[in-house]
Amino acid sequence: MATQHTAPAAGNPFGVRESDALEVVVFDGGLGDRYVLDAEDRYRTAFPGARVTHTAVPDIETLLRPRFDGGTPPDLVDNTGPGSLPTAALAAAGELTDLRPLLAAPSYDDPAKTVGETLIPGVAAKGRFGGEEMWALNYAYTAFGIWYSQQLLDKYGWSYPRTWDEMLDLCAEAKKAGIAGWTYPGAYPYYLQWTLYPFIAKIGGTDVLKSIENLEPDAWRHPAVRQAFEAYHELTVRGHVLQGSPQFDHVQAQAAWTRGEALFIPNGTWVEKETGDTTPPGFRMTVAPPTGLDASDALPFGTVWAQVGEAYVIPRDARNRGGAMELLRLMLSRGSARDFALHSSSLTTVRGAVEGMDLPSGLASADAMLAAAGSHIVAPRTDWYQTLNREVIAGIIGEMMADRIKPAEAIEQIQRAADATANDPAVKKYRHP
């Protein structure tokens, strides 16, 4: 049962009582948790009688599923990572708190503006699942792309490829120099989706992705999907993928990449922080949009996948829901957002937070890539059917990239899996309008 709260006040919009304990569980991943710990210190200053408990774990579901089921969840959860709970399913089961009051609350820096007015577009939409309620507050703004060392390309006089023929030619040149074209964490093949899906959109347009997300019949059989799958599979067939990649986890793949064993790796903006211990001086980490197919592409080269992520949720049965919202309000202040960018090498959903900052190489290139993309940004709703996308579809793509199945068979397996989800009455369905 939730605790009672004091009457809301200007500096305490959620009526948090100073004596109420607050329990926070965050994902222990590439972004780290320093930004949360710093916000918790500010929370303790505001509510000196509060006992704040902080836990960082790599597998959210293993720790918290029993607690959700037992009605004793923590107050705030960073429901992120490969072991996250399916947010859409939690929302459908009524296990989460509607966060619209947080958006309507006065922002920490400027009480004349609401929290919602300080955020970039798309935050509320990503937190919705078929209704007006916002069940998740996504804190990070992540850009996905193909990452490389500008130092390594400069050493050989190479340029980043804009078409697939250019990609294959560059990989062939790298092979002569004893460098693989690509590596990826085959243990987590969903990393490949972050560049493969915008590649599909470039070739065939955004409606191809929408039909896939809507679970429409034959959506995966679209020619753009076939062309994209055949192109990626060709990397393997031509020997342009670093040996061992199908078995690598993300740490192994990234370490091999920063050692210069491969030119490219598909990844998100957190990779700069995550590889801090293995990246040599002068590496000049850089991210670029996924390479296109050819001049017939429906969307321009600069099209990228970028989306809000790092989903924070407040369980319905949390004992201190007001305290959890207040901590999120603190985290969404400009100071916290700038600290997050500095220490996590990632952007946040706070509008304009990094303006004027001296950003590290990778984050600066991501910021420039997003600026160049303009409106050509895709954000596939893989969170609608998390098990289907993260486990089934990603697994099939991984089998294709390991050359255990061919592109045509991969497409058929994925279409059958999508059809099974579409026809399963136990799965709540979502659709683009």
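For the numbers below, each heavy atom of this structure counts, side chains included, while hydrogens, waters and symmetry mates do not.
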CG of Leu235 to NE2 of His240, rounded to nearest 0.5 Å, is 7.0 Å
Give a yes or no on whether Lys429 atom NZ has more than 12 heavy-atom contacts from other residues, nucleotides or ligands under 6.0 Å away. yes
**Request:** Return the orientation label for the Trp270 and Phe144 ring planes: parallel under 30°, perpendicular over 60°, tilted otherwise.
**Result:** perpendicular
- Task: May I ask you to check whether His54 and Asp33 show a side-chain donor-acceptor distance below 3.5 Å?
- Result: yes
ring-ring contact (aromatic ring centres under 6.0 Å, His included) filter on Tyr184, not counting sequence neighbours, yields none
Checklist entry - Is the backbone of Ala50 close enough, under 3.5 Å, to the side chain of Arg17 for a donor and an acceptor to pair up by distance? => result no
Contacts of His250 meeting ring-ring contact (aromatic ring centres under 6.0 Å, His included) (sequence neighbours excluded), chain-then-number -> Tyr188
- prompt: What class does the angle between the rings of Phe264 and Tyr148 fall in, given that below 30° is parallel, 30 to 60° is tilted and above 60° is perpendicular?
  reply: perpendicular
Does Asp218 CG have over 12 foreign heavy atoms under 6.0 Å away? yes
Counting only N and O atoms by type, is there a donor-acceptor contact under 3.5 Å from the side chain of Thr80 to the main-chain atoms of Ala311?
yes
Practice problem: Check whether any side-chain N or O of Gln413 sits under 3.5 Å from a backbone N or O of Ala410 as a donor-acceptor pair, and report yes or no. | Solution: no
For Gln386, the side chain to side chain donor-acceptor pair (under 3.5 Å) test, sequence neighbours excluded, returns Ser84
Problem - Side chain Asn389, main chain Tyr385, donor-acceptor under 3.5 Å - result: yes
Residues passing the side chain to side chain contact (heavy atoms under 4.5 Å, CB included) test with Ala231, sequence neighbours excluded, are Trp164, Phe199
Contacts of Trp147 meeting ring-ring contact (aromatic ring centres under 6.0 Å, His included) (sequence neighbours excluded), chain-then-number -> none
By side chain to side chain contact (heavy atoms under 4.5 Å, CB included), Pro300 pairs with (sequence neighbours left out) Thr303, His376
So salt bridge (Lys or Arg N to Asp or Glu O under 4.0 Å) across residues 373-392, not counting sequence neighbours, yields Arg381-Asp383
**Q.** Check: Thr118/Tyr108 side-chain N/O donor and acceptor closer than 3.5 Å
**A.** no
For residues 258-273, the salt bridge (Lys or Arg N to Asp or Glu O under 4.0 Å) pairs (sequence neighbours left out) are Arg259-Glu261
Residue pairs passing the salt bridge (Lys or Arg N to Asp or Glu O under 4.0 Å) test with at least one member in residues 276-292, sequence neighbours excluded, are Asp154-Arg284
Practice item. Please check if the side chain of Asn320 supplies one atom and the backbone of Ala21 the other of a donor-acceptor pair under 3.5 Å. Key: yes
Across all chains, not counting sequence neighbours, the side chain to side chain donor-acceptor pair (under 3.5 Å) partners of Arg128 are none
| Without hydrogens or angle criteria, can the side chains of Thr279 and Thr258 be said to hold a donor-acceptor pair below 3.5 Å? | no
Here the salt bridge (Lys or Arg N to Asp or Glu O under 4.0 Å) pairs for residues 97-109, sequence neighbours left out, are Asp98-Arg100
Phe68 meets the ring-ring contact (aromatic ring centres under 6.0 Å, His included) criterion, sequence neighbours left out, with none
Counting only N and O atoms by type, is there a donor-acceptor contact under 3.5 Å from the side chain of Arg319 to the main-chain atoms of Asp75?
no
